[in-house]
Amino acid sequence: MTLESEDTLDMNTDFSLLERIDDPAVLRQLERAKLPVVADQLRAFLLESVSKTGGHLSSNLGTVELAIALHYVFHTPYDRLVWDVGHQSYPHKILTGRRAGMSKLRQHGGVSGFPRRSESEYDTFGTAHSSTSISAALGMACASRNKGENKGPSRRRHVAVIGDGAMTAGMAFEAMNNAGVTPDIDLLVVLNDNDMSISPPVGALNKYLARVLSGRQVSTVRDMARSVLSKVPPVYELARRLEEHAKGMVVPATMFEEFGFTYFGPIDGHDLDALVPTLQNLREMHGPVFLHVITRKGQGYKLAEADPILYHGPGKFDPEEGIKKSTAATKPTYTQVFGDWLCDMAALDDRLVGITPAMREGSGMVEFERRFPTRYFDVGIAEQHAVTFAAGLACEGAKPVLAIYSTFLQRGYDQLIHDVALQNLPVVFALDRAGLVGADGATHAGAYDHAYLRCIPNMVVLAPSDENECRQMLYTAYRHDGPSAVRYPRGSGVGVEVLKDLTELPFGKAELRRKGKRIAFLAFGSMVHPALAAAEALDATVANMRWVKPIDAAMIEELARTHDAFVTVEEHAIPGGAGSACLEAMAALGLARPVLQLGLPDKFIDHGDPALLLRLEGLDAAGIERSVRARFGELLATEGSPRLVASR
């Protein structure tokens, strides 16, 4: 199946050949003529499987032939293969013994949606945040060289497969810059370019050139010429430029060769007759090599080819009918609340600009781009640049709103401190996916932002308890003359009405939501409503703390006068989190009260249904009540007035 193919998938495909392949060694025993059959069966199985579980579909349909060719040519797992990122690694997983496990893809206890070292020896490096593959593969190549594994017929090869989106990140170019001057390594970088239009150069001519240019005879002649001509620098430089310009007439080689890589391509990534012999030739080459492969998102499934964004990460659906938009009324997601606020705020203030690091759909900015195209900036997968870019805009009087997942802001931490907070610039960080994120698992969990944000001078941090509070907090943060962050969870909230009016919340002030006795909950964000439910059974007080920083010390001091114990609860790692901020405030006030800190434990939490994961960690209402009774059971059984607060 090639890029020009009009074929689509047969949902009644026979999987008999695919079912024999539980190990790439079995794949390598097949005649090459059988590989297109494997590709057809693998693509049909992938569609059937993902339609039942949900997961990343379009990009994985585009890497079927590439995964087959790589495992057919290279001796995995001895040869190291690094996928960047998991959005394109499902065919790899299926070919490496996890076909049966795909029925529990991204479910608790099931196969991860990303490469994972603990899951399989074929997953040589865990990749979920993009643009890391070249760095990791280069490190592996250097380690192999130092162990003497880079010589002889059994030398170890190293392959990084990186998408064109991931190539926009500076880290990828930093790695290439390093690799190009690293001696005695065997490193192949495969660029999976699935965003380029299908143009005439992707055809017979380029297939022939890639095969010929990668052949041993041409490579040997080129190496000999370099060796001889390097002794006559002016002639060598002339020859080098002639070679570059000659190749440049048919391939975009110059940039990659300037990094020290030998470039081949582009070739059709769905044509096994082009992929396999080219990879076989490249396998015999030494040094850093770059192969440019053109693929199509959604390849072979017409609906996904027509709308690869819709089929990027679908839930369950019927492949025969495709994804149907639900007509049932649903609660708005926090992402939708943000997107609506962004458009409303932009209509009120023409200084507002919106920024995303390649997450337009995920961050809810589609409508904003449509309505305010000149004030919308997608900077690519470049979080460091995104933060400093926002700082530059703020310096000139703009009001930047950077929509970014909590887990991805970690990648721009130095810029957050040095370029934004140190200069006290009014940048709003809209942190989506705060807390547990479900199917994407530990790599995407927003479990650390309380800790890494509240320690930064000038930064303020807000955590909404519901959808309307999220809208008002975004407005409050926007009105603040300094850096601010509003962190909100994935998915829908509790279903409260979202008011159209915008109201600025009192700075640094919590809200008392329930009056009880003996025990006071200091609840943050998504944990306010579970705490309220637990408090009903315990007859406890609940404060919606609202602000992670500054913490409302006055509220804590007031509650300490009338309560015997505190419970802090947050959907965030306990170490360094909002509960720790409460303890620091108590220490500063000289308050002596027992405190139970509830939150995410000091471990990485696996993928699975968010409600299930919260229940397993004791962060649903029942779990919170159990923890409080276990810690303060004796106190709850005792009648009487609270003890006096300790003096300072």
Side-chain angles (χ1 to χ4, degrees), residues 45-57 60 83 85-94 96-123 125-129 312-317 331 333-335 362 405-407 432-448 488-494 525-527 529-530 533-534 569-574 577 598-627:
F45 177 85
L46 179 65
L47 176 60
E48 180 182 291
S49 176
V50 173
S51 69
K52 293 177 180 177
T53 62
H56 294 104
L57 182 61
N60 281 295
W83 290 90
V85 288
H87 297 167
Q88 56 183 356
S89 68
Y90 292 5
H92 155 80
K93 285 179 177 266
I94 294 167
T96 54
R98 287 166 280 181
R99 185 184 67 254
M102 293 294 288
S103 62
K104 291 195 68 180
L105 176 69
R106 307 201 313 161
Q107 299 172 32
H108 189 253
V111 172
S112 170
F114 302 102
R116 191 175 185 180
R117 281 170 56 83
S118 61
E119 187 176 282
S120 170
E121 63 178 335
Y122 292 93
D123 293 356
F125 196 79
T127 52
H129 288 196
H312 170 72
K316 300 177 183 179
F317 69 98
K331 296 182 292 186
T333 65
Y334 280 99
T335 302
Y405 291 7
S406 170
T407 187
D432 205 335
R433 271 62 167 182
L436 299 179
V437 293
D440 284 335
T443 59
H444 284 60
Y448 315 108
Y488 46 91
R490 181 178 189 174
S492 301
V494 294
S526 61
M527 289 291 101
H529 286 274
V569 57
E570 59 190 307
E571 192 177 342
H572 182 279
I574 293 174
L598 299 179
L600 301 177
D602 189 15
K603 68 176 185 180
F604 293 111
I605 296 174
D606 219 340
H607 51 273
D609 177 74
L612 170 63
L613 297 178
L614 288 171
R615 178 171 62 80
L616 291 174
E617 300 304 331
L619 291 178
D620 60 346
I624 292 169
E625 181 188 346
R626 279 195 308 272
S627 295

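Residue Gly113 comes nearest to Ser89 through the heavy atom pair O-OG, 4.4 Å, listed as atom of the first residue, atom of the second, then distance. Here the closest non-hydrogen pair linking Ala445 and Thr407 is O-CB, 3.9 Å. Closest non-hydrogen pair, Val111 versus Gly101, comes out as CG2-O, 3.3 Å. Contact detail for Gly362 and Thr335: the closest heavy-atom pair is O-CG2, 3.4 Å. Shown here for Pro91 and Asn60, the closest heavy-atom pair between the two residues is CD-OD1, 3.3 Å.
Rounding to the nearest 0.5 Å places OH of Tyr122 at 9.5 Å from NE2 of His92. Note that the CG atom of Leu46 and the CD1 atom of Ile94 stand 5.0 Å from one another [nearest 0.5 Å]. Atom CG of Leu612 sits about 5.5 Å away from atom NE2 of His108, to the nearest 0.5 Å. From Leu616, atom CG reaches atom CD1 of Ile605 across 9.0 Å, with rounding to the nearest 0.5 Å.
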Run the numbers on Gln107 and Thr53 for side-chain contact (heavy atoms from CB on, under 4.5 Å), then give the verdict. CA-CA 8 Å; Gln107 299 172 32; Thr53 62; 3.9 Å; yes

List the steps, then state whether side-chain contact (heavy atoms from CB on, under 4.5 Å) holds for His312 with His87. CA-CA 9 Å; His312 170 72; His87 297 167; 3.7 Å; yes

Please test Phe45 against Val50 for side-chain contact (heavy atoms from CB on, under 4.5 Å), starting from the C-alpha separation and ending with a verdict. CA-CA 8 Å; Phe45 177 85; Val50 173; over 6 Å; no

Could you go through the ring pair (Phe, Tyr, Trp, His ring centres under 6.0 Å) check for His607 and Phe114 one step at a time? CA-CA 10 Å; His607 51 273; Phe114 302 102; 9.1 Å; no

Is there a side-chain contact (heavy atoms from CB on, under 4.5 Å) between Glu570 and Leu600 once you walk through the steps? CA-CA 8 Å; Glu570 59 190 307; Leu600 301 177; over 6 Å; no

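A side-chain donor-acceptor contact under 3.5 Å links Glu571 to the backbone of Leu436. At distances below 3.5 Å, at least one donor-acceptor pair connects side-chain atoms of Asp609 with backbone N or O atoms of Ala611. In this structure, the side chain of Thr96 engages the main chain of Lys93 through a donor-acceptor pair within 3.5 Å. Side chain of Lys331 to backbone of Gly493: a donor-acceptor contact under 3.5 angstrom is found. No donor-acceptor distance shorter than 3.5 angstrom exists from the side chain of Tyr334 to the backbone of Asp432, with no hydrogens or angles considered. Using a distance-only test at 3.5 Å, with no hydrogens or angles considered, a donor-acceptor pair links the side chain of Thr127 to the main chain of Trp83. The closest donor-acceptor contact from the side chain of Glu119 to the backbone of Ser112 lies under 3.5 Å.
Between the side chains of Thr443 and His129, no donor-acceptor pair is found at a separation under 3.5 Å.
Residues Arg98 and Ser120 have side chains in contact (heavy-atom distance under 4.5 Å, counting atoms from C-beta outward). Side-chain contact between Tyr405 and Arg490 is absent, with no heavy atoms from C-beta onward closer than 4.5 Å. Looking at heavy atoms from C-beta onward, Ser406 lies out of side-chain contact with Arg433 at the 4.5 angstrom threshold. At a threshold of 4.5 Å between non-hydrogen side-chain atoms, the residues Glu617 and Pro601 count as touching.
Applying the side chain to side chain contact (heavy atoms under 4.5 Å, CB included) rule to Pro530 yields the partners Met527, Ile624; only residues at least two apart in sequence or on another chain are considered.
Using a 4.0 Å cut-off between charged nitrogen and carboxylate oxygen, Arg116 and Asp606 count as a salt-bridge pair.
Among pairs with a residue in residues 104-114, those fulfilling salt bridge (charged side-chain N to carboxylate O under 4.0 Å, His left out) read Arg106-Asp440, at least two apart in sequence or across chains.
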